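Since this is a predicted model, take the numbers as computed values, not measurements. Counting convention: from 1, in listed order, for ligands and their atoms alike. Hydrogens, waters and symmetry mates play no part in the numbers below; they use all other heavy atoms, side chains included.
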Amino acid sequence: MAVTRHTLKIFALLTGAAIAICACQPTEPRNPIVETGPQTLHQRILTLDTHVDIPLNYMTEVDPGFQTDAQVDLPKMLAGGLDAAFFIVYTPQTQYFVENPERTDYKTASIIAETRFRAIQKLLIEYPERTALCITAGEVREAVAAGKRAVLIGMENAFPLGPDLSKVDLWARRGVRYVGLTHFGHNQFGDSSNHKIQFGETESLHGGLSPLGRNLVRKLNDVGVMVDVSHAAKSTMMQATQLSRVPVIASHSGVMGVAKSPRNLDDEQLLAIKANGGVVQLVALGAYVKNLSPEQEAYKLTVREQMGVSDDLDLLRMDEDQKAIYTERLRPMYDLAPGASVSDFVDHIDYAVKVMGIDHVGIASDFDGGGGITGWEDASKTPAVTDELERRGYSESDITKIWGGNLLRVMEAVEAGRRK
Ligand SMILES: [Zn+2]
């Protein structure tokens, strides 16, 4: 095998060696498919999605080189003109024992993170002609110009980093370019937007970032990895944004101004990210895009009353059979109002642009992690989002910013802010 830039980078990935950055050798034209007419705006611009989840059997049973049942695979990305995506090393949060840190199961978390990371490595190794690992904004542009899918890596939930910061350098060398501080449930670094009552958690554990969390933000700045505040509590998010000496991102969040959810950001949060120079990537996950209608809420309440459910804790106490009955009884509720559509999703973009300005807004599908809305069900339908933005009067320059330009600017700023 000839030693190409790609094989060098894969070697670096496998060994954790520092990745050398050199000029890219384009191997394929920008658009390998024969064009019959002028390019559409969607085809002309670079499109980057900051949140694509992968299952644990990715690259073992699910092969994204072919058409799959997943919302994102390489054929769907090509068909939908989705040029670049962050593939996610996600780890669910298990109980964090603040009083007895040694009881916290970091080992399982680490195994899950390694499994997902190795799957992304395998994707890059198996499909070197169609994918390229990108660790800088420049590399994203080069890969896309060469007709490849730009593969970036994000870590959702910093939990697997463990009880100190000793693993951060390794993950940065491996190519991770953003780290989400928390997921559902508090962890060693900070409070989550959604505490886990099944673990006995109350809304706040640390009052925002823990001392270790503050050091994590500084460390991520130092190694050139973006701090991601999606899933963090407002306190955590505001403190991290204040502390970070470079712009931060919310990799996949909605806005409270359109749909109420603890996962969404209010205006104060949006303005804090604007002031910090960061970007909010609006998420296309139905429950965060559109609230239940009053009729749906009433229906849900009736089902809960019938089943003796007075709060969320009662739901968590249900056994599997009861949960199945509850889910079944709730099913007709979804027919009472249409689900979230591309138009509902673009309402979030509109709102964020109104509050923050065009330079601080982007897009995240959350595909294969709960994302997907009517009209943008999978990566092959990506032009629907661009069409809606055009229909609402956004210019090509605006849409280019929203579809990745803003995120790449933040990536450049974070790269530049790295301690050499
Ligand atoms: Zn998420």
Side-chain angles (χ1 to χ4, degrees), residues 48-56 58 70-72 85-94 96 109 112-113 115-117 119-120 152-161 171 176-187 189-196 198-199 201 213 216 220 225-234 236-237 240-241 248-256 258-266 269-270 273 278-291 340 345 348-349 352 361-373 376 378-379 407:
L48 187 158
D49 176 347
T50 45
H51 207 85
V52 170
D53 277 297
I54 57 168
L56 278 171
Y58 199 68
Q71 289 170 297
V72 179
F86 276 84
F87 291 83
I88 303 304
V89 174
Y90 158 68
T91 311
Q93 184 65 46
T94 55
Y96 169 60
I112 293 169
T115 303
R116 286 205 165 89
F117 172 66
I120 298 169
L152 299 103
I153 307 175
M155 178 181 273
E156 179 171 35
N157 196 3
F159 180 49
L161 293 176
W171 281 100
V176 164
R177 279 301 170 268
Y178 76 68
V179 170
L181 300 172
T182 62
H183 193 253
F184 292 126
H186 307 317
N187 68 15
F189 300 111
D191 292 351
S192 164
S193 61
N194 299 68
H195 59 287
K196 280 194 164 172
Q198 64 267 46
F199 296 162
E201 291 178 359
L216 176 64
L220 292 172
V225 172
M226 296 185 285
V227 174
D228 171 22
V229 297
S230 284
H231 282 288
K234 181 174 178 180
T236 308
M237 171 272 160
T241 305
V248 302
I249 66 166
S251 68
H252 61 305
S253 290
V255 292
M256 284 279 202
V258 179
K260 296 263 176 293
S261 163
R263 273 283 284 111
N264 288 351
L265 303 169
D266 66 22
Q269 291 174 285
L270 298 180
I273 292 178
V279 62
V280 174
Q281 304 285 114
L282 280 318
V283 67
L285 189 148
Y288 307 145
V289 171
K290 191 179 177 186
N291 287 137
F345 171 59
H348 285 254
I349 295 179
V361 178
I363 292 173
S365 66
D366 212 348
F367 280 147
D368 298 313
I373 47 176
W376 192 26
D378 62 51
L407 192 284

Ring pair (Phe, Tyr, Trp, His ring centres under 6.0 Å) partners of [X], counting only residues at least two apart:
X	result
Phe87	none
Tyr178	Phe86
His348	none

Legend entry - Flag for His231-Glu156: side-chain donor and acceptor within less than 3.5 Å: yes
Inset, instruction - Scan side-chain atoms only and decide if Ser251 and Thr50 contain a donor-acceptor pair under the 3.5 Å cut-off. - result: no
Inset, instruction - Everything protein-side that's N, O or S and under 2.8 Å from the Zn ion (ligand 1): list it, residue and atom. - result: Glu156 OE2, His231 NE2, His252 NE2
Inset, instruction - Step through it carefully: locate the ring centre of His183, locate the ring centre of Phe159, and say whether they are under 6.0 Å apart. - result: no
